[in-house]
Number of protein chains: 2
Amino acid sequence: MAEKRRRKPGETREKLMGAALSLVGSGRHFDSLGIREVTRQAGVVPTSFYRHFRSMDDLGLQLVDELGLVLRRMMREARAHVSQADKLIAESVDIFISHGRANQSFFLFMAQGLAGESRAVQDGIRSEIRFFATELANDLRRLKLLDHLSDGDLDMACDLVVRTVAFSLTDLLRVSANDDYQMDQIRKRTIRFLQLIFVGANHWQSGTG
Amino acid sequence: MAEKRRRKPGETREKLMGAALSLVGSGRHFDSLGIREVTRQAGVVPTSFYRHFRSMDDLGLQLVDELGLVLRRMMREARAHVSQADKLIAESVDIFISHGRANQSFFLFMAQGLAGESRAVQDGIRSEIRFFATELANDLRRLKLLDHLSDGDLDMACDLVVRTVAFSLTDLLRVSANDDYQMDQIRKRTIRFLQLIFVGANHWQSGTG
DNA sequence: CACATAAGTGAACAACTGTACACTAGAGTG
DNA sequence: CACTCTAGTGTACAGTTGTTCACTTATGTG
């Protein structure tokens, strides 16, 4: 046996990251995973792990990088689908939801990592979220929305929007994929949250506070 | 040796819960703690654990109950300190921050549990947060604030407020206690978030959306 | 005072863990 | 072709884990 060696470069690496992700997706917490467990799930011998990662933290950091790609894809699609300004919120939320479901494990990993053991992973995820927020601010500027806000206030508002969506995603990931009622509840509530924030932003004047 | 037995009822139980909490406080994730580790930290023999808890999940659930008490204390203090409506937000945020620091480990546990392995702990924490939100709604009704909102809309707004504060708490718990600059940044940003939400709520009309 | 019970103890065990080591197959390069 | 890397393999080991068991001791109740 054991006739397969060196098939594609990085194949085992991806298997390991996928294995960790799938364990997270099946309810486990990333910080409770062990090297042996991950390699077992990946169908690989434990020692192979060290060919690609120094430690579990290291693997986590590389997952954060991939998470960044997922988020960028999501942003791109949201940008491409913005038709009219009045439907912007609902359409964007729908895109978040569909990406959230399509990449369940990634977003579970994100939610876990925010309060996880590895400070580096925490920082990575937080910086991805911040990046997302500043990109959103750029887009709104480009669309001449919330034009009366100062740069700082717009940034603040976008930060709040992104946090709210992130929190809603964690709601979403808890309900089973076929529970349409709950899914729709979360969708509606998220839309209302964002509408409330945008109403606030529309009536915001820099002097406040 | 070993001359101390049965000192106070529940003494060891509290030591075990305190030990788990202190490990969380020192950077560990609750889901990565083991029974032996906790008993070691508590200065107790591993078998003692089973006298009080069936499993780690069980201990986690009992921590959620204590978390509820902490939250109720915080609410009570916030209620007692509401002087004028115009300072309500800033004063409440200050109380959240001081309680957040005083009960670091509890709030870390809360943040971890939201995305943790145990579904029961997740549910417990989420229901504590929901309870907090409905209590906030009751208070606002009593103070005749946001009086024009329907019950549903008020609930929604309070939910958003509580989520925002919860997220801010996780920011807070990351910075070291003596980093006054960062602490103040978080404080100011949280106040602005809440102000933005309240401006939105003030201008909200049920028909929106 | 006797005694059942709750709450502590230590020893034991099989299962699992992370990691080190020595080995080997294939790919790319000169 | 000879070579050096890279990425895979199996074996080994000491340390840790959860859990069971038989035990002791203090306490409150009858």
Side-chain angles (χ1 to χ4, degrees), chain A residues 1-24 26-63 65-66 116-121, chain B residues 1-24 26-63 66 112 116-121:
Chain A
M1 303 305 143
E3 67 280 2
K4 297 183 192 175
R5 306 268 171 100
R6 187 71 172 286
R7 300 182 46 165
K8 289 178 204 164
E11 191 200 22
T12 303
R13 200 187 86 107
E14 281 165 26
K15 268 201 282 189
L16 287 169
M17 293 174 70
L21 221 46
S22 101
L23 285 167
V24 165
S26 71
R28 301 292 313 281
H29 193 289
F30 183 79
D31 287 335
S32 79
L33 299 180
I35 289 177
R36 284 190 113 103
E37 192 179 3
V38 171
T39 56
R40 198 184 311 129
Q41 172 81 14
V44 158
V45 95
T47 26
S48 279
F49 183 90
Y50 296 100
R51 301 286 179 201
H52 304 277
F53 311 102
R54 241 170 296 146
S55 61
M56 269 297 190
D57 272 23
D58 189 20
L59 190 152
L61 277 178
Q62 306 203 30
L63 278 179
D65 291 343
E66 285 210 17
E117 284 196 351
S118 160
R119 184 60 183 251
V121 169
Chain B
M1 301 302 145
E3 68 278 3
K4 297 183 192 177
R5 305 269 170 96
R6 189 73 171 290
R7 297 182 46 162
K8 287 180 206 164
E11 193 199 20
T12 303
R13 200 188 86 107
E14 281 166 26
K15 268 201 283 189
L16 287 169
M17 293 175 71
L21 221 45
S22 101
L23 284 167
V24 165
S26 71
R28 302 290 312 281
H29 193 289
F30 183 80
D31 287 335
S32 80
L33 299 180
I35 289 177
R36 283 191 114 101
E37 192 178 5
V38 170
T39 55
R40 199 184 310 128
Q41 171 81 14
V44 158
V45 95
T47 23
S48 279
F49 183 90
Y50 296 100
R51 301 283 180 205
H52 303 277
F53 310 102
R54 240 171 296 148
S55 62
M56 268 297 185
D57 272 23
D58 189 20
L59 191 152
L61 277 177
Q62 306 204 30
L63 278 179
E66 284 210 17
Q112 294 180 353
E117 284 196 351
S118 161
R119 183 62 184 252
V121 168

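To find a chain, count down the sequence lines: A is the first, B the second, and so on, and within it residues start at 1. This structure is a prediction, so every number in the text was calculated from the model and none was measured.
- Here the C1' atom of nucleotide D:dT16 and the CG atom of B:Leu33 are 15 Å apart, to the nearest Å.
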Please tabulate, one pair per line, each protein N/O and nucleotide N/O from nucleotides 19-22 of chain C that are separated by under 3.5 Å, including the distance.
from, atom 1, to, atom 2, distance (Å)
C:dT19, OP2, A:Tyr50, OH, 2.8
C:dT19, O5', A:Tyr50, OH, 3.3
C:dT19, O4, A:Arg36, NH1, 3.3

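- Taking CG of A:Asp57 as the start and CG of A:Leu63 as the end, the distance is 11.5 Å to the nearest 0.5 Å.
- One interatomic measurement links the two molecules: CG of B:Asp58 to C1' of D:dG18, which rounds to 16 Å at whole-angstrom precision.
- Distance CD (B:Glu37) to P (C:dT17): 16 Å, rounded to an integer number of Å.
- Residues passing the side chain to side chain contact (heavy atoms under 4.5 Å, CB included) test with A:His52 are A:Thr12, A:Arg13, A:Leu16, sequence neighbours excluded.
- Residues passing the side chain to side chain donor-acceptor pair (under 3.5 Å) test with A:Ser55, sequence neighbours excluded: none.
- Between the C1' atom of C:dG18 and the CG atom of A:Leu16 lies a distance of 15 Å, rounded to the nearest Å.
- Taking side-chain N and O atoms only, A:Arg40 has a distance below 4.0 Å to OP1 or OP2 of C:dT17.
- For B:Phe49 and D:dT17, the CZ to P distance is 13 Å, given to the nearest whole Å.
- With sequence neighbours left out, the side chain to side chain contact (heavy atoms under 4.5 Å, CB included) criterion links A:Arg119 to A:Gln122, A:Asp123, B:Arg174.
- Each salt bridge (Lys or Arg N to Asp or Glu O under 4.0 Å) pair with one or both residues in residues 34-43 of chain A, not counting sequence neighbours, appears once here: A:Arg28-A:Glu37.
- Atom-to-atom, NE2 of B:His52 to P of C:dT5 comes out at 18 Å; the value is rounded to the nearest Å.
- If you check every strand for non-hydrogen atoms under 4.0 Å, A:Arg13 touches nothing.
- Among residues two or more places apart in sequence or in another chain, the side chain to side chain contact (heavy atoms under 4.5 Å, CB included) test is passed with A:Leu61 by A:Ala120, A:Val121.
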